[in-house]
Amino acid sequence: MERYPFTQLPAGGGVYVVEEDGHPLHVGETDNFQTHWRQRLTALYELGFTRRGGRLSKPITVWFGPLMPNSPAARARAKRALRRALTRSGVVPAGRLRDTGADPEAIEESDGRGLPSLQGLLPPSDWGVQAARALGLAPPRRSDARFGT
């Protein structure tokens, strides 16, 4: 997963995690990250949730992991796997992720079959490393991450 400045959003589909104060708040998926987030940021501006200059009142970080193939089924499986990883690893208590479209029972009852590998989809943040270790994955390394400027 990579972190990008909002002026250089990548196009393409995948999964993303919104983080505030170093804690994941939301896991989402989109067929085009650039379009999706530009629409969200425009809506925040139009609703008055941004300060002068387009800044949010509280900073957030959005991590994006591109998926290939970029199909609705692949994105849904990856989103489900990320949500499951975050709750099962103890990074986020069950039911605390903000996602109106998620079914917490389905996530917790999943046996893991059919879920994609999360290798490469966890960011090199503290919680990404914790989730990877709890799941027996190689922890993402900060030296491997490419950050936008």
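Heads up: numbering here begins at 1 and tracks the sequence.
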Find the distance between CG (D31) and CG (L67) and round it off to the nearest 0.5 Å. 12.0 Å
Can you name the nearest heavy-atom pair linking N70 to T30, along with the distance? OD1-O, 4.1 Å
Compute the centroid of each ring, for F64 and then for W37, and state whether the two points are separated by less than 6.0 Å. no
Applying side chain to side chain contact (heavy atoms under 4.5 Å, CB included), run through L82 and L122 and close with a yes or a no. CA-CA 8 Å; L82 273 171; L122 291 168; 3.6 Å; yes
Check whether any side-chain heavy atom of V17 sits under 4.5 Å from a side-chain heavy atom of P123, and report yes or no. no
Kindly compute the distance separating OG1 (T61) from CG (D21), expressed to the nearest 0.5 Å. 9.5 Å
Decide whether V15 and L25 are clustered together by the hydrophobic rule: side chain heavy atoms of Ile, Leu, Val, Met, Phe, Trp, Tyr closer than 4.5 Å, transitively. no
Please determine whether a side-chain nitrogen of the Lys or Arg among K79 and E29 lies less than 4.0 Å from a carboxylate oxygen of the Asp or Glu. no
Does any non-hydrogen side-chain atom of P140 lie less than 4.5 Å from one of V129? yes
Measure the CZ-NE2 distance between R83 and H26 for me, rounded to the nearest 0.5 Å. 8.5 Å
Is it the case that over 12 heavy atoms from other parts of the model lie below 6.0 angstrom from the CZ atom of R40? yes
Could you grab the distance from atom CG of D126 to atom NE2 of H23, nearest 0.5 Å is fine? 9.5 Å
Take the angle between the ring planes of W63 and W127 and call it parallel below 30°, perpendicular above 60°, tilted in between. perpendicular
Where P24 and L97 come nearest, the two heavy atoms and their spacing: O-CD2, 3.8 Å
Nearest heavy-atom neighbours spanning P139 and A132: CA-CB, 3.9 Å
Going only through I, L, V, M, F, W and Y residues with side-chain contacts under 4.5 Å, is there a path from Y16 to M68? no
